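Bear in mind the structure is a predicted one, so any value in this text is a computation, not a measurement. Counting convention: from 1, in listed order, for ligands and their atoms alike.
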Amino acid sequence: MNSSVFSFLSDFVFLLLLFIQIPSSLSNDDQYSACSKKSACGHISTGFPFWGAGRPSECGIPELKLNCENNITKMNINQVAYRVLEINPEFKTLRIAREDYSAGLCPPKFANSTFNPKVFETVEVYRNLTFVYGCEYAPKTIPVPITFTCKINEVDGQSGYIKDGDNGPGELCTGSVFVPVSITDFPPFSIPDFPPDWNMAAFEEQLKKGFEVRWKVDMDLCWECYKSSGVCGFDNVTSQPTCYYPPGMPSPPEISL
Ligand SMILES: *[C@@H]1O[C@H](CO)[C@@H](O)[C@H](O)[C@H]1NC(C)=O
Ligand SMILES: *[C@@H]1O[C@H](CO)[C@@H](O)[C@H](O)[C@H]1NC(C)=O
Ligand SMILES: *[C@@H]1O[C@H](CO)[C@@H](O)[C@H](O)[C@H]1NC(C)=O
Ligand SMILES: *[C@@H]1O[C@H](CO)[C@@H](O)[C@H](O)[C@H]1NC(C)=O
């Protein structure tokens, strides 16, 4: 190979590298401006670690996607749809309520409210309630008659009842759903403690207030990013949070969060 061809080739490689570099730094700027925007939906406005509702996917953790429907912020978690009632970044908590129960106890989506332990943890003092559906008859042994009827599988008037715990429908009933509830909102089902003015409508109202979960993304790393004028986002190649810097600002040497 003669030297001029070699020098042409090395210039070519140099130019090629420039072309590769420029678009990637431009795209970092785009991500900075895209991820600087907060989500906006009804009264909920939030940033990292959430995306959706106006924020592209590179702005948040994949599992923490918000959807906006008629100004109501919603989220799907483990195939269950929830309304997002409140987001508190300081405590990293999210108050959510099951969408199916916003219209009453019947008919439910037969899926338990379970959470990926890598992404969520429970916060307040809570307990699991199980709503049992489609029973031939509701057991008489539960202390308070927390029973209801629903049309299940096209059959009207199927008995259902509410019990403590997360141990399924049992043999006499078709299906069950367990939901965490706050102990302060739902006193124990023992007769002396039970509110005298209790009724199903009051119960359904409590259920609409939802419950809290905490997200487990390490926000301390993002505070560092904000301090150096960046915004936090999510790198879908490394599957890690990352920091995007504003246009014109030289990115600090590969800050890895
Ligand atoms: C959503 O809320 C905004 C601001 O409050 C309002 O302007 C808009 O009309 C609402 N949209 C719907 C679909 O309710
Ligand atoms: C609620 O149910 C989940 C799933 O079975 C379980 O991991 C958790 O320990 C239960 N919590 C309580 C307070 O019983
Ligand atoms: C809900 O959880 C209960 C108890 O762990 C279990 O028996 C039942 O099969 C679960 N239901 C679904 C739809 O996963
Ligand atoms: C990663 O993000 C880029 C830019 O947003 C997108 O084009 C690409 O499809 C994403 N890749 C995966 C595996 O999600």
Side-chain angles (χ1 to χ4, degrees), residues 37-47 50 52-55 63 66-87 93-103 105-136 138-139 141-143 146 148 150-153 155 158-190 193 203 206-216:
K37 282 195 220 111
K38 291 200 156 193
S39 74
C41 182
H43 68 286
I44 306 271
S45 170
T46 193
F50 296 91
R55 289 167 54 81
E63 289 87 350
L66 304 174
N67 303 309
C68 190
E69 289 171 31
N70 298 324
N71 279 349
I72 300 172
T73 306
K74 299 186 183 178
M75 233 179 135
N76 288 318
I77 305 173
N78 277 6
Q79 274 116 55
V80 178
Y82 295 89
R83 290 184 179 210
V84 178
L85 306 176
E86 207 180 303
I87 293 180
T93 58
L94 188 64
R95 177 168 286 276
I96 53 177
R98 281 178 69 118
E99 179 68 22
D100 50 358
Y101 290 139
S102 68
L105 286 181
C106 317
K109 178 177 184 341
F110 283 113
N112 295 317
S113 282
T114 52
F115 298 90
N116 178 350
K118 288 196 181 113
V119 184
F120 294 104
E121 60 193 358
T122 47
V123 277
E124 53 191 356
V125 189
Y126 80 102
R127 67 191 228 251
N128 292 313
L129 288 188
T130 295
F131 303 134
V132 183
Y133 291 91
C135 307
E136 286 170 37
T141 50
I142 49 174
I146 310 176
F148 52 85
C150 285
K151 184 178 186 174
I152 300 288
N153 297 335
V155 184
Q158 293 281 289
S159 298
Y161 68 102
I162 300 166
K163 64 177 181 179
D164 264 311
D166 57 341
N167 41 21
E171 281 175 10
L172 298 174
C173 309
T174 321
S176 71
V177 173
F178 76 73
V179 191
V181 294
S182 156
I183 279 178
T184 48
D185 294 342
F186 293 87
F189 293 156
S190 57
D193 296 330
F203 188 90
Q206 285 292 9
L207 213 52
K208 286 186 203 168
K209 292 186 189 165
F211 55 90
E212 282 189 298
V213 288
R214 178 180 288 129
W215 67 84
K216 288 169 85 176

Q: Take F110 and I152 through the side chain to side chain contact (heavy atoms under 4.5 Å, CB included) test and state the conclusion after the steps.
A: CA-CA 11 Å; F110 283 113; I152 300 288; 4.1 Å; yes

Quiz: residues 113-120 side-chain donor-acceptor pairs under 3.5 angstrom, not counting sequence neighbours:
from, atom 1, to, atom 2, distance (Å)
S113, OG, Y82, OH, 2.8
S113, OG, R98, NH1, 3.1
T114, OG1, N78, ND2, 3.0
N116, OD1, K118, N, 2.9

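- Atom CD1 in I44 sits 11.0 Å away from atom CG in N71 (nearest 0.5 Å).
- Close approach of ligand 1 to N71 (heavy-atom distance below 4.0 Å) involves ligand atoms 1 (C), 2 (O), 3 (C), 8 (C), 10 (C), 11 (N), 12 (C), 14 (O).
- Summarising the local packing, NZ of K37 is surrounded by 12 or fewer heavy atoms from other residues, nucleotides or ligands at distances under 6.0 Å.
- Contacts of ligand 2 (protein heavy-atom distance under 4.0 Å) are Y126, N128, D166, F178.
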**Q.** Audit row: L207, L129, side chain to side chain contact (heavy atoms under 4.5 Å, CB included) steps and yes/no
**A.** CA-CA 11 Å; L207 213 52; L129 288 188; 5.6 Å; no

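- In summary, the atoms of ligand 3 found under 4.0 Å from a heavy atom of F110, numbered by their order in the structure, are 13 (C).
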Q: May I have the step-by-step check of side chain to side chain contact (heavy atoms under 4.5 Å, CB included) for D100 and V177, ending in yes or no?
A: CA-CA 11 Å; D100 50 358; V177 173; 5.7 Å; no

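- Side-chain contact between Y133 and P169 is absent, with no heavy atoms from C-beta onward closer than 4.5 Å.
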